[in-house]
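This report concerns only the one structure given below.
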2 protein chains.
Amino acid sequence: MAVQLTDTTQPDQVLGLRERKKRRTRDALVEAAHQLFLEQGYARTTVDEIAAAVDVSQRTFFRYFANKDEVALAILADAEDHFVANLRERPADENPLRALRRAIVLTWRELGTARHDRPSSITAALELIQLIESTPTLLAAHLRRITEQEQIVAGILAEREGLDPATDLRPRVMAAVFGGVLRSAHLSWSAENESTETENSGSEAMINLIERHFDQLGPALAGDWHGR
Amino acid sequence: MAVQLTDTTQPDQVLGLRERKKRRTRDALVEAAHQLFLEQGYARTTVDEIAAAVDVSQRTFFRYFANKDEVALAILADAEDHFVANLRERPADENPLRALRRAIVLTWRELGTARHDRPSSITAALELIQLIESTPTLLAAHLRRITEQEQIVAGILAEREGLDPATDLRPRVMAAVFGGVLRSAHLSWSAENESTETENSGSEAMINLIERHFDQLGPALAGDWHGR
DNA sequence: TGTCTAATGGCAGAGACTGTCATAAGTTCG
DNA sequence: CGAACTTATGACAGTCTCTGCCATTAGACA
């Protein structure tokens, strides 16, 4: 697969020592930060502590992450990329809403089964969502990232359907609605799992919640709520 | 209306000198901050500058606003309160989606016509939306506030329809969808009005955009996009 | 007018970032 | 293998946001 050219193209797997080292410290920072945030809370953890835990200088920390938010949210970035990839791979004959729904469920399922690279990427992701929901600063940063993702999603939808994203509002509206439903599901999840430790755990609980929220989309928009 | 009791209840209009002074400095801070942010950008404006412009100490600034974000977003807080009030006043026989739509349009129209208290609250609000959309930090803070508002909206909807907010997901989903549509409209607006000065201006342009986005909600969720 | 309460200012300090520069550590090539 | 080059890191120093603390000032109230 990885074709070896002169030296412009970097092989996927065979990274130099330098790159490997960088990746290692980056991973270490993410993990150390995550641990510390869970133990003592986001606000009460200083960047210096995180850096010290990995034995690098504070300056180096800020070369890896633009700010404190970024280390915390790094764990979800992985999942987000997977989601985008999954959405792109959805068959063209699926309607947009279904494609989105399938893609997100599939992403959580993957995260649950596949032993990604880190042992428990789901556990970490779920812990993080809880942390986010209980940390105003983090929530703000997370919401901003989410909306950026929505732009990307809107672009993918427009492309899928062969629409002009500048003219047609549907992709953007759909992406925004999707984002809203997801956030709502996350909120419900973190409300249910408020009690300290991850008990209900498992990606299944989250998937279930997401499905239920999607199911309410039609009924919610229907004129009369008393109908049911 | 305002019944005068012993002294526990503060009359609405007749504020003491102290309260009047406080309100004045608060307003001055908001206005000075807004002006400075527009002139030199959010990041390049320091809190010290804002405080100096109103001739108070930095310490005092932070007694009025928890952080720099808050002064900037204060201008929209007013509009948000109006929206909530408008939503509450919507007739019970209106379905939820329509109630939300009417309430938001009405809010913008009020903001446009009524000479609120400050001369041009719309102008400032629209300028602010543009500033928000082009300032990551502010956008993050704004999104967080928006989601808080969504919780309130969900509560109002549940109450309107006599539903148990803990059980029924529809209010929450609806609030999230509404929030998404609005954000999408704001984004479109700020994209259209990117060019420096407020030209298209007027709340009518924004209202028009909001209506158009709402109109796309049905079509977007409909199975087949090629239908139209 | 005198007391009581609340707003303010000034100061010190923690913590998140950023620019700069010297040093250390990988990479490349002869 | 070692010299020359490139890149990551560390160490400061400095700015800016935000907080706690205490003395001072200025309305409120009797």
Side-chain angles (χ1 to χ4, degrees), chain A residues 4-11 14-29 32-33 36-37 40-74 135-138 140-141 144, chain B residues 4-11 14-29 32-33 36-37 40-74 135-138 140-141 144:
Chain A
Q4 181 101 7
L5 294 179
T6 46
D7 46 2
T8 46
T9 324
Q10 199 71 296
V14 190
L15 296 172
L17 168 58
R18 198 177 237 161
E19 292 303 315
R20 266 180 289 141
K21 230 174 172 178
K22 268 170 49 174
R23 172 165 302 192
R24 232 183 299 139
T25 53
R26 203 198 123 94
D27 289 351
L29 283 171
L36 286 169
F37 290 156
Q40 18 177 285
Y42 179 77
R44 279 181 303 281
T45 304
T46 69
V47 170
D48 291 284
E49 280 181 283
I50 302 168
V54 182
D55 209 57
V56 295
S57 68
Q58 191 215 48
R59 196 64 188 80
T60 294
F61 173 93
F62 282 113
R63 286 207 182 88
Y64 280 94
F65 304 97
N67 47 50
K68 208 173 137 188
D69 303 333
E70 218 175 281
V71 232
L73 301 180
T135 312
T137 316
L138 261 188
R144 183 164 63 83
Chain B
Q4 181 103 4
L5 295 179
T6 47
D7 45 3
T8 47
T9 323
Q10 199 70 296
V14 189
L15 296 171
L17 169 58
R18 199 177 238 165
E19 292 302 316
R20 266 180 288 140
K21 227 175 174 178
K22 268 171 47 174
R23 171 163 301 193
R24 233 183 297 140
T25 53
R26 202 197 123 94
D27 289 350
L29 282 172
L36 285 169
F37 290 157
Q40 15 174 291
Y42 179 78
R44 279 182 301 280
T45 304
T46 70
V47 171
D48 291 286
E49 281 181 283
I50 302 169
V54 182
D55 209 56
V56 295
S57 70
Q58 191 215 50
R59 195 66 189 80
T60 294
F61 173 93
F62 282 112
R63 287 207 181 87
Y64 280 93
F65 304 97
N67 46 52
K68 206 174 139 186
D69 304 333
E70 219 174 280
V71 230
L73 301 181
T135 311
T137 315
L138 262 188
R144 182 163 65 80

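Lettering of chains follows the sequences in order, A, B, ..., and the numbering in each one begins at 1.
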Take atom [atom1] of [X] and atom [atom2] of [N], then tell me their distance rounded to the nearest Å.
X       : N      : atom1 : atom2 : value
B/Arg18 : C/dT8  : CZ    : C1'   : 11 Å
B/Leu29 : C/dA7  : CG    : P     : 15 Å
B/Glu70 : D/dT17 : CD    : P     : 15 Å
B/Leu36 : D/dC16 : CG    : P     : 14 Å
A/Lys68 : D/dC16 : NZ    : C1'   : 16 Å
B/Arg23 : C/dA6  : CZ    : P     : 19 Å
B/Gln58 : D/dC18 : CD    : C1'   : 7 Å
A/Glu19 : D/dT6  : CD    : P     : 17 Å

Has A/Tyr42 got a side-chain atom pairing as donor or acceptor with A/Pro136's backbone, closer than 3.5 angstrom? no
Would you say [X] places a side-chain N or O within less than 4.0 Å of OP1 or OP2 belonging to [N]?
X       : N      : result
A/Lys22 : D/dA8  : yes
A/Tyr64 : D/dA8  : no
A/Ser57 : D/dT9  : no
B/Lys21 : D/dG27 : yes

Determine, step by step, whether B/Leu29 and B/Val56 satisfy the side-chain contact (heavy atoms from CB on, under 4.5 Å) criterion, reporting the C-alpha distance in whole Å, the side-chain angles of both residues, the deciding distance to 0.1 Å, and the verdict. CA-CA 9 Å; B/Leu29 282 172; B/Val56 295; 4.2 Å; yes
How would you label the contact of B/Thr137 with the nucleic acid (heavy atoms, under 4.0 Å): base, sugar-phosphate, or nothing? nothing
For A/Phe61, answer base if it contacts any base atom (sugar-phosphate contacts may also be present), sugar-phosphate if it contacts only those atoms, and nothing otherwise; contact means non-hydrogen atoms under 4.0 Å. nothing
Does any N or O donor sit under 3.5 Å from an N or O acceptor when you compare the side chain of [X] with the base of [N]?
X       : N      : answer
A/Arg20 : C/dG26 : no
B/Arg63 : D/dT19 : no
A/Arg44 : C/dG15 : no

So which heavy atom on [X] is nearest to which on [Y], and how close?
X        : Y        : answer
A/Ala32  : A/Val54  : CB-CG2, 3.8 Å
A/Ala140 : B/Ala141 : CB-N, 4.2 Å
B/Arg26  : B/Phe65  : NH1-CE2, 3.5 Å

Which residues within residues 47-55 of chain A lie with some heavy atom under 4.0 Å of an atom in DNA chain D? A/Asp55
A/Lys22 and A/Glu19, any side-chain heavy atoms less than 4.5 Å apart: yes
Identify which nucleotide among C/dC17, C/dT8, D/dG20 has an atom closest to any side-chain atom of B/Arg59, counting heavy atoms from C-beta outward. D/dG20
B/Tyr64 versus B/Thr25, side-chain donor and acceptor atoms under 3.5 Å: yes
Could you give me the CA-CA distance, side-chain angles and deciding distance for A/Arg59 and A/Arg63, then say whether side-chain contact (heavy atoms from CB on, under 4.5 Å) is met? CA-CA 7 Å; A/Arg59 196 64 188 80; A/Arg63 286 207 182 88; 3.8 Å; yes
